[in-house]
Peer 1: 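One structure coming up, written as structure tokens, with questions to follow.
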Amino acid sequence: MPPSAGGPTPDRDTYRTVAAAGVHEIEVRRSRFLCALAPVGSAEAAREVIAERRRAEPAARHHCHAFVLDPDGRTQRSSDDGEPAGTAGTPMLEVLRRRGLTGTVAVVSRHFGGVLLGAGGLIRAYGQAVADALDVVGTVEYRRLNLLRVSVDYGRAGRVEGELHSSKYRVTGTSYDDAARFEVGVRPDQVADFRAWLADLTGGSAAVEVSGEDWVRGKV
């Protein structure tokens, strides 16, 4: 499913997820709604969180959930877990989408308080449970870095290493064998500038190859 307006960004160089695992409770007309949030990297991890919440709240009548996965948010799932269709999982998922989140699972365990809320009341309650929990737990941005392996001769190694560490680029590894090698994390939109900067620094003698990618928390 493609991300909607307000959902996870289709720009795969960044994504936003929940900052940490946490649980927040609200009460609506004597029913208790406990929303558990957690960052997850796969559907299996999300299902583990859902199963753990069932074990943690065995007296709850419903354990409704929603999760969004992948940097572009293309994997989206929800469940009403016995509540009327569309009154729990869907509004929970909509909150995650509206906040632009991915890599996140939300599980709301409801302890029935004896008062029927009706379809509209359930939609509002489940959505509010997730929204309020997100406000408490917070969110964080991750950014993609291309990992570039830089190789230089030993005569230039000291200067290159010093300049790399004082630059805006992120040094993620260093090794010395037949040459000095540095693994550097560079934002995709800065790769061309990095190559030009390195060529100027080394007189074009440095070799650069892509070795992979990584996601790092916070702005870089």
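Worth knowing before you read on, the calculation uses all heavy atoms, side chains too, and leaves out hydrogens, waters and symmetry mates.
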Peer 1: Side chain to side chain contact (heavy atoms under 4.5 Å, CB included) for His62 and Tyr126? Distances and angles first, verdict last.
Peer 2: CA-CA 11 Å; His62 305 280; Tyr126 278 100; 4.0 Å; yes
Peer 1: Show, in sequence, the C-alpha distance, side-chain angles and deciding distance for Val171 and Glu183, and conclude whether the side chain to side chain contact (heavy atoms under 4.5 Å, CB included) test is met.
Peer 2: CA-CA 6 Å; Val171 179; Glu183 188 173 73; over 6 Å; no
Peer 1: Between Arg55 and Glu52, does any NZ, NE, NH1 or NH2 come within less than 4.0 Å of an OD or OE carboxylate oxygen?
Peer 2: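 Salt bridge absent between Glu52 and Arg55.
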Peer 1: Are Leu198 and Phe182 side-chain neighbours, meaning at least one heavy-atom pair lies under 4.5 Å?
Peer 2: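 No, too far: nothing below the 4.5 Å cut-off.
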Peer 1: Is it true that a side-chain atom of Thr104 and a backbone atom of Thr17 form a donor plus acceptor pair closer than 3.5 Å?
Peer 2: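 No, because the side chain of Thr104 does not come within donor-acceptor range (under 3.5 Å) of the backbone of Thr17.
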Peer 1: Indicate yes or no: at least one non-hydrogen side-chain atom of Val210 is less than 4.5 angstrom from one of Leu148.
Peer 2: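 Side chain of Val210 against side chain of Leu148, heavy atoms only: contact under 4.5 Å found.
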Peer 1: Is there a donor in the side chain of Thr14 and an acceptor in the side chain of Arg143, or the other way round, less than 3.5 Å apart?
Peer 2: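 No, Arg143 and Thr14 have no side-chain donor paired with an acceptor closer than 3.5 Å.
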Peer 1: Within the 4.5 Å heavy-atom criterion, are Arg159 and Leu201 side-chain neighbours or not?
Peer 2: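 In contact.
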Peer 1: Ser211 side chain to Leu147 main-chain N or O, any donor-acceptor pair under 3.5 Å?
Peer 2: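 Yes, Ser211 side chain to Leu147 backbone: donor-acceptor pair under 3.5 Å.
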Peer 1: Does a donor on one side chain sit under 3.5 Å from an acceptor on the other, for Arg53 and Ser109?
Peer 2: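 Not at all, the side chains of Arg53 and Ser109 share no donor-acceptor pair under 3.5 Å.
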Peer 1: In plain terms, say whether Arg54 and Asp81 are close enough for a salt bridge, that is, a side-chain N and a carboxylate O under 4.0 Å apart.
Peer 2: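 Judged by the 4.0 Å cut-off on N to carboxylate O distance, Arg54 and Asp81 do form a salt bridge.
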Peer 1: Might you work through the side chain to side chain contact (heavy atoms under 4.5 Å, CB included) test for Phe33 and Val130, ending with a clear yes or no?
Peer 2: CA-CA 9 Å; Phe33 294 82; Val130 176; over 6 Å; no
Peer 1: Test your reading of the model: is there a side-chain donor-acceptor pair from Thr139 to the backbone of Val18, 3.5 Å cut-off?
Peer 2: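 No.
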Peer 1: Decide, yes or no, whether a salt bridge links Arg99 with Asp135 under the criterion of side-chain N to carboxylate O below 4.0 Å.
Peer 2: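 Salt bridge between Arg99 and Asp135, a charged N being under 4.0 Å from a carboxylate O: yes.
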Peer 1: So do Val28 and Arg124 actually touch side chain to side chain, heavy atoms under 4.5 Å?
Peer 2: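 Sidechains of Val28 and Arg124: no contact.
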Peer 1: For His63 and Glu57, indicate whether the former's side chain and the latter's backbone hold a donor-acceptor pair under 3.5 Å.
Peer 2: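 Checked: pair present.
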Peer 1: Does any N or O in the side chain of Thr87 come within less than 3.5 Å of the main-chain N or O of Ile123, such that one atom is a donor and the other an acceptor?
Peer 2: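 Side chain of Thr87 to backbone of Ile123: no pair is present.
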Peer 1: Mind checking whether Leu134 and Leu96 have side chains closer than 4.5 Å, heavy atoms only?
Peer 2: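 Of all side-chain heavy-atom pairs linking Leu96 with Leu134, at least one is under 4.5 Å.
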Peer 1: Output the distance between atom OG (Ser151) and atom CG (Asp177), rounded to the nearest 0.5 Å.
Peer 2: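 Answer rounded to 0.5 Å: 8.0 Å.
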Peer 1: Within the side chain of Asp80, is there an N or O that forms a donor-acceptor pair under 3.5 Å with the backbone of Gly89?
Peer 2: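 Between the backbone of Gly89 and the side chain of Asp80 there is a qualifying donor-acceptor contact (under 3.5 Å).
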Peer 1: Determine whether Val49 and Val107 satisfy the following criterion, side chain to side chain contact (heavy atoms under 4.5 Å, CB included), listing intermediate values before the conclusion.
Peer 2: CA-CA 8 Å; Val49 173; Val107 186; 4.3 Å; yes
Peer 1: For the residue pair Leu164 and Trp197, establish whether any side-chain heavy-atom pair is separated by less than 4.5 Å.
Peer 2: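 Yes, at least one pair of side-chain atoms sits under 4.5 Å.
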Peer 1: In chain order, what residues pass the side chain to side chain donor-acceptor pair (under 3.5 Å) check against Tyr154, with sequence neighbours excluded?
Peer 2: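 Residues passing side chain to side chain donor-acceptor pair (under 3.5 Å) with Tyr154: none at all.
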Peer 1: Anything under 30° is parallel, anything over 60° is perpendicular, the rest tilted; go ahead and classify Tyr15 against Tyr142.
Peer 2: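 It falls in the parallel class, under 30°.
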Peer 1: Can you find a pair of side-chain heavy atoms, one from Arg110 and one from Arg61, that are under 4.5 Å apart?
Peer 2: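 With C-beta onward as the side chain, the pair stays apart.
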Peer 1: Is any side-chain heavy atom of Val160 closer than 4.5 Å to a side-chain heavy atom of Thr202?
Peer 2: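 Counting from C-beta outward, Val160 and Thr202 do come under 4.5 Å.
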